[in-house]
Amino acid sequence: MPRLSEVIAALEILWPAERAESWDAVGTVVGEPDQEVTRVLFAVDPVQEIVDEAVKLDADLLVTHHPLYLRGTTTVAASHFKGRVVHTLIKNDIALHVAHTNADTADPGVSDALAGALDLRVVGPLVPDPSDPSGRRGLGRICELDHPVTVRELAARAAARLPATAQGIRVAGDPEATVRTIAVSGGSGDSLFDVVRAAGVDAFLTADLRHHPASEAVAQSPLALLDAAHWATEWPWCELAAAQLDEISDRHDWGLRVHVSKTVTDPWTSHSPSPGAPN
């Protein structure tokens with residue numbers, strides 16, 4: 001049975017903290033290094049309902065993609081919702097570890113998992129990591145499809161393969177246009193339009209697309225945009241990460257029981273389409 005410090009050391013090999021963006025907050029947030037770990041839960045968000053799920057599961061370690069305190073804090077008082085998360089974790093001897101932008105650019109990383117969920121063949125990173133001589137790490141992925149599909153068909157595939165959310169998949173561009181190549185980036189991706197256009201792909205699947213960047217993107221080129229819910233584009237990484245830890249556990253004979261939360265923590269809970277809106 002491994003100690004927390006051993007499990008964290010293994011996770012740090014997968015997602016080294018030094019590869020996170022300078023503004024990011026990754027690593028271990030809560031946890032006693034010498035505590036034993038038998039059960040691990042992976043999730044996107046370190047919110048109260050996920051922590052409560054970890055308590056019910058009797059997990060010793062919660063690994064999330066999103067940080068709990070991205071901008072720092074001066075208090076962990078339980079009167080605040082993030083403070084309650086910390087109190088619940090400590091009271092139940094559950095450690096919290098975060099892999100965020102260091103998991104985004106990993107090989108394999110968040111966008112590999114997103115591509116895998118849609119049966120896309122990864123060609124390489126959208127924004128290569130200059131420190132990787134193999135050219136495999138980096139932000140986003142450029143992908144190919146096994147056979148051409150329309151934008152409409154690709155959007156339907158994304159809606160069916162990604163976890164269900166109130167938003168579903170929004171599309172910008174000609175729904176009947178043909179897609180042979182596509183760039184994907186889990187999480188917010190509208191800062192990547194320049195490199196997406198330079199890649200010459202037919203479509204871009206990401207999340208959190210804002211009005212002006214999206215409007216300018218479709219005005220400049222025939223690029224089709226597929227906008228999914230932020231949470232849905234990152235959830236596939238949880239399954240990938242859990243499988244990676246399972247393999248490590250088997251190799252070291254740790255006997256870990258690794259779980260993936262299926263709780264939907266996307267903040268949007270319903271959707272009412274406008275009467276007469278385009279389908």
Side-chain angles (χ1 to χ4, degrees), residues 2 4-21 24-31 37-47 49-51 53-54 57 59-68 70 89 94-120 122 125 129 132 136-141 161-163 184-188 207 228-252 254-266:
L4 175 64
S5 59
E6 295 175 287
V7 178
I8 295 303
L11 298 183
E12 285 287 344
I13 292 174
L14 295 176
W15 317 299
E18 62 268 20
R19 290 185 188 151
E21 295 290 338
D24 205 359
V26 301
T28 305
V29 181
V30 171
V37 176
T38 60
R39 197 181 297 268
V40 183
L41 178 64
F42 282 85
V44 175
D45 296 302
V47 293
E49 58 187 318
I50 294 297
V51 174
E53 182 179 344
L57 189 64
D60 308 292
L61 171 61
L62 171 61
V63 181
T64 65
H65 183 52
H66 289 152
L68 178 62
L70 184 58
L89 290 168
I94 302 172
L96 172 62
H97 187 79
V98 173
H100 192 211
T101 52
N102 49 334
D104 286 335
T105 58
D107 172 35
V110 170
S111 292
D112 291 292
L114 176 57
L118 273 63
D119 285 338
L120 304 174
V122 173
D129 182 344
D132 177 21
R136 295 177 60 88
R137 291 199 311 267
L139 187 62
R141 293 294 184 265
R161 302 284 183 85
L162 295 180
V184 301
S185 183
S188 304
H230 188 121
W231 173 86
T233 63
E234 294 180 332
W235 184 85
W237 171 80
C238 295
E239 290 194 323
L240 168 65
Q244 289 177 289
L245 183 55
D246 263 331
E247 188 278 327
I248 292 169
S249 174
D250 290 344
R251 190 177 349 127
H252 292 285
W254 283 346
L256 291 177
R257 285 163 287 182
V258 183
H259 305 262
V260 175
S261 173
K262 291 181 169 57
T263 301
V264 178
T265 54
D266 183 71

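Hydrogens, waters and symmetry mates play no part in the numbers below; they use all other heavy atoms, side chains included.
- In this pair, Trp237 and His65 present their aromatic rings tilted. The plane angle is within the 30 to 60° band.
- The nearest pair of heavy atoms linking Cys238 to Ala43 is SG-C, 3.5 Å.
- Distance check, rounded to the nearest 0.5 Å: NE2 of His97 to CG of Leu61 gives 8.0 Å.
- Using a 4.5 Å heavy-atom cutoff, the side chains of Pro108 and Leu240 are in contact.
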Can you list the steps and then say if Arg161 with Asp119 is a side chain to side chain contact (heavy atoms under 4.5 Å, CB included)? CA-CA 9 Å; Arg161 302 284 183 85; Asp119 285 338; 2.9 Å; yes
Check against side chain to side chain contact (heavy atoms under 4.5 Å, CB included), Leu162 and Leu114: CA-CA 8 Å; Leu162 295 180; Leu114 176 57; 3.7 Å; yes
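- Separation of atoms CG (Leu4) and CG (Asp60) is listed at 9.0 Å; rounding is to 0.5 Å.
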Verify side chain to side chain contact (heavy atoms under 4.5 Å, CB included) between Val30 and Ile94, making sure each step is shown before the conclusion. CA-CA 8 Å; Val30 171; Ile94 302 172; over 6 Å; no
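- Nearest heavy-atom pair across Val37 and Leu256 is O-CD2, 3.3 Å.
- Two residues are said to be in side-chain contact when any heavy atoms from C-beta on lie closer than 4.5 Å; Asp24 and Pro67 meet this criterion.
- A donor-acceptor pair shorter than 3.5 Å can be found between the side chains of Glu234 and His66.
- Counting heavy atoms from C-beta outward, Val44 and Thr64 have side chains that stay 4.5 Å or more apart.
- Here the side chain of Asn102 pairs a donor or acceptor atom with the backbone of His100 at under 3.5 angstrom.
- Ring geometry, Trp231 versus Trp235: the interplanar angle falls from 30° to 60°, so the pair is classed tilted.
- Proximity of Ser188 to His230: side-chain heavy atoms (C-beta onward) are separated by under 4.5 Å at one or more points.
- Between the side chain of Arg141 and the backbone N or O of Ala115 there is no donor-acceptor pair closer than 3.5 Å.
- Annotation for Ala117 and Pro236: closest pair CB-CG, 4.2 Å, computed over non-hydrogen atoms.
- The shortest distance between side-chain heavy atoms of Pro125 and Leu139 does not fall below 4.5 Å.
- Under the 4.5 Å side-chain criterion, counting only non-hydrogen atoms from C-beta, Leu62 is in contact with Val51.
- Ser261 and Glu53 are linked by a side-chain donor-acceptor pair at a separation below 3.5 angstrom, with hydrogens and angles left out of the test.
- Closest non-hydrogen pair, Ala95 versus Gly31, comes out as CB-CA, 3.8 Å.
- Residues Ala241 and Trp15 share a closest heavy-atom pair of CB-CZ2, 3.6 Å.
- Residues Arg136 and Asp129 are not paired through a salt bridge, judged by the lack of any N-O separation under 4.0 Å between the basic side chain and the carboxylate.
- A distance-only check finds a donor-acceptor pair linking the side chain of Thr233 to the backbone of Gly187 [under 3.5 Å].
- The CD atom of Glu6 lies 12.5 Å from the CD1 atom of Ile248; values are rounded to the nearest 0.5 Å.
- Considering CG of Leu245 and CG of Leu14, their distance stands at 8.0 Å, rounded to 0.5 Å.
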Run the side chain to side chain contact (heavy atoms under 4.5 Å, CB included) check on Leu41 and Val63 step by step: do they pass? CA-CA 6 Å; Leu41 178 64; Val63 181; over 6 Å; no
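- Between atom OG1 of residue Thr28 and atom CD of residue Glu12 there is a gap of 6.5 Å, rounded to the nearest 0.5 Å.
- The structure places OG of Ser111 at 6.5 Å from CG of Asp104, a figure rounded to the nearest 0.5 Å.
- Of all non-hydrogen atoms in Asp112 and Ala106, the two that sit nearest each other are OD2-O, 3.8 Å.
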